[in-house]
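Chain letters run A, B, ... following the sequence lines, proteins first, then strands; residues in each count from 1.
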Protein chains: 2
Amino acid sequence: MTLKKKRVKLEDIARKLNISIATVSRALDENPRVKLSTREKVFKTAKMMGYMPNQIAKSLSSGKTNLIGVIIPRYDESFFIEVCRGIDRYVRKHNYKILISSSRNSFEFERENLISFERGLVDGIILSPTHETETFVHIKSIINKGIPVVLFDNIREEVSGADHVLIEDDKASFSAVEFLIKKGRKRIAFIGGIKEKKVFQDRYDGYKKAMTKHNIPIYEELILHCESLDRENEDTEIQDFFNNISAIPDAVFTCTDNYGLLTMKTLLKMGYKIPEQISVIGFGDLGLGEIFVPSMTCIAQPSFEMGEKAAELLINQFNEPNDVNHRKKVLKLKTELILRDST
Amino acid sequence: MTLKKKRVKLEDIARKLNISIATVSRALDENPRVKLSTREKVFKTAKMMGYMPNQIAKSLSSGKTNLIGVIIPRYDESFFIEVCRGIDRYVRKHNYKILISSSRNSFEFERENLISFERGLVDGIILSPTHETETFVHIKSIINKGIPVVLFDNIREEVSGADHVLIEDDKASFSAVEFLIKKGRKRIAFIGGIKEKKVFQDRYDGYKKAMTKHNIPIYEELILHCESLDRENEDTEIQDFFNNISAIPDAVFTCTDNYGLLTMKTLLKMGYKIPEQISVIGFGDLGLGEIFVPSMTCIAQPSFEMGEKAAELLINQFNEPNDVNHRKKVLKLKTELILRDST
DNA sequence: TATAATAATACAAACGTTTGCATTTTTTTA
DNA sequence: TAAAAAAATGCAAACGTTTGTATTATTATA
């Protein structure tokens, strides 16, 4: 039975070599102020003794933790995971790690997470607001404490007082719906998410604009604002929608990949032919649309890149003079309509 | 232009109230040694001044960071994300956060990640070894430093010197293949992943055992060990496999959900009927199998629970006397064959 | 009302680094 | 070869907490 060994610290190395802690610290830092021969001795001894620097002590002393807090509304949406991957990829190059929290679609959790990050654990925060987030005060309060913040996706004007990166949701959906119209479809259904969520509002707006521009009436019956917050309920909600519709549409524009896939599943099971009778478009393009049969036409949203860009904005803030009121930067990323078999 | 405010610390509260730092600290801790009236004054002042404890200082002082490091082979596999969700859910109840790193399927990255966690940033580590991981020394070295470690999934005997949680891969695939056989299928193809990965070896073993038990010949031609490490390549590898096969199988057992879906896609595009001509089984059951048309029969692996259990083992270690050589705990979780339309 | 017991608070070391400045050692210069 | 300059090292404070022990203030006891 071996007991836990004590960690070796600078002091241990210093004592063994009969030099001061300061010199050991500087030697390991390759500071030119210490003689080369000393540095070599220190490195050798450190290695021999199995020295590992204490990150916490370093952080306390330097005031930097090299951690970045990321708050997303939910884990089980590939979009957010992709964004996190993008963030991770970027920040690692700059020697940061990310700490991911889910706000579980709740403003209150979002606020709690934010507060827990206020305790000096992270050097900066990247956040995607929930649909419930209608105020900016909790974020502003963080910024006022001098903690850099970057937002992505689902930004309302009221919460936009920080650097952020997004796509033009309305334009993207406008062009997708217009594409359907130009293909001759007229009875176009819309499936969005929670009405309160900005991205879904924008995508709905795009849909309406396209319909209006081409003088196509918008029927309430063909509109579904999916209220579910998890996969299973989304499924039944969409099934119910199509089961209760009086006359089947000839196209469906959906606001997420998942809605699109669930729509295709439901319609296929009801016996409809895609795309012959009904076209379907998804939003996101996170891989599954390509595998489904028929493969799904999608608006491709650059999720990974969105993460990278958000990370870049944040790291840039680290290097800027700390001006709380600096002009906020907004990055709008391009989307693309990927044509596949469902249209 | 407002400049960054200085954080308020215990000292500031102490000075304002003309009491000592120690008393402030104890008051905020609700330590009964401080008078109630003092405690109340301290709380009020702390709130008024916007005090937020400094997590880093706390950690340095207490020797606990309340962070847990998680190392997974890749981000873009839902299985790992699900496990992370499970871990997160469990540890949050105990006031821990998780720090996720990807080893990108590389032993070298795994080792690097492990070393970076050795710098006192985390209180414990949960790791899923890559297919390249054939030795236990890097993990043993961590454990020897007194850092609790729990492994999950893909554990070889050689790396099993730590608590771990897994499923019985061989038995799960055995029963799935036997199910196909009992349904009258004989020409059963096997699609697995990287040959070096223990889980795929085990799943292959289960396949072979089932076939052998029922005296069905195993044809090399019907075996694919997918070597790709990303989605796109998996797709083409599977397409090639079926294009080059001399006579199509009447069933395909696959080792991940993704292989299963790609298989179905390929076969449907080739014009085959599922399940009439060919049955397909996937492994994992991470949601997509249910959406696909036809829906996919799957071995359901309790990913979320796997995460929870791994987290539980870890947190238990925190509370145990620190015995490096303690008897390792092994948890085997149940799988289940979920029958759907693809069989 | 002096003394003992208890309650409340303060002091200071510790956690493991970094770093400005002081000191010592070595090298250069005259 | 002594003084000046440069190089190498050391001292000690700082980062913001926690906590064991010492001290002071308050209450209880005789």
Student: Taking the six-membered ring for Trp, are His138(A) and Phe107(A) closer than 6.0 Å centroid to centroid?
Tutor: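 Ring-ring flag for His138(A)/Phe107(A): true, centres closer than 6.0 Å.
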Student: Quick one: bend of the helix from dT1(C)-dA30(D) to dA30(C)-dT1(D) from 5 pairs per end, to 10°?
Tutor: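 The angle separating the two end axes equals 60°.
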Student: With Leu333(B), which residues qualify under side-chain contact (heavy atoms from CB on, under 4.5 Å), at least two apart?
Tutor: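 side-chain contact (heavy atoms from CB on, under 4.5 Å) list for Leu333(B), sorted by chain: Val165(B), Ile167(B), Pro302(B), Glu305(B), Met306(B), Lys309(B).
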Student: Side chain of His94(B), backbone of Arg92(B): donor and acceptor closer than 3.5 Å?
Tutor: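 Not at all, since once roles are kept as given, no pair shorter than 3.5 Å links the two residues.
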Student: Quick one: side-chain contact (heavy atoms from CB on, under 4.5 Å) partners of Asn316(A), sequence neighbours excluded?
Tutor: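 With sequence neighbours excluded, Asn316(A) shows a side-chain contact (heavy atoms from CB on, under 4.5 Å) to Glu312(A), Glu320(A), given in chain and number order.
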Student: Checking all strands, does Asn31(A) fall into the base, sugar-phosphate, or nothing category for heavy-atom contacts under 4.0 angstrom?
Tutor: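 No contact.
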Student: Report yes if some heavy atom in the side chain of Asp163(A) is under 4.5 Å from a heavy atom in the side chain of Gln317(A); otherwise report no.
Tutor: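 The answer is yes, as the side chains (C-beta and beyond) meet within the 4.5 Å cut-off.
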Student: Any side-chain donor-acceptor pair under 3.5 Å between Lys140(B) and Thr135(B)?
Tutor: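 Checked: Lys140(B)/Thr135(B) side chains show no N/O donor-acceptor pair below 3.5 Å.
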Student: Check whether Phe304(A) forms a cation-pi arrangement with Arg85(A) (NZ or CZ under 6.0 Å from the six-membered ring centre, at most 45° off the ring normal).
Tutor: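 Output no; distance or angle outside limits.
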Student: Do any pairs count as a side-chain hydrogen bond (donor to acceptor under 3.5 Å, both in side chains) and have a residue in residues 45-73 of chain B, sequence neighbours left out, and if so which ones?
Tutor: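 The answer is Lys64(B)-Tyr96(B), Thr65(B)-Asp123(B).
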Student: Can you check the Leu17(B) CG to dA8(C) P distance for me, whole Å?
Tutor: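 Rounded to the whole Å, the gap is 17 Å.
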Student: Show your working on side-chain hydrogen bond (donor to acceptor under 3.5 Å, both in side chains) between Ser103(A) and Ser106(A) and close with a plain yes or no.
Tutor: CA-CA 6 Å; Ser103(A) 55; Ser106(A) 142; over 6 Å; no
Student: Could you run through nucleotides 15-20 of chain C and give me one letter per nucleotide, 5' to 3': B if any protein heavy atom sits under 4.0 Å from the base, S if only the sugar-phosphate is that close, - if neither?
Tutor: BBBBBB
Student: Please state how far atom NZ in Lys64(B) lies from atom P in dT19(D), giving the value in whole angstrom units.
Tutor: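 Interatomic distance, NZ of Lys64(B) to P of dT19(D): 13 Å.
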Student: Using whole Å, what does the distance between atom C1' of nucleotide dT9(D) and atom CG of Leu28(A) come to?
Tutor: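 So the two atoms are 15 Å apart, to the nearest Å.
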Student: Please determine whether a side-chain nitrogen of the Lys or Arg among Arg89(A) and Glu308(A) lies less than 4.0 Å from a carboxylate oxygen of the Asp or Glu.
Tutor: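 A salt bridge is absent here (no side-chain N lies under 4.0 Å from a carboxylate O).
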Student: Among residues 34-44 of chain A, which residues get a heavy atom nearer than 4.0 Å to DNA chain D?
Tutor: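 By residue number: Val34(A), Lys35(A), Thr38(A).
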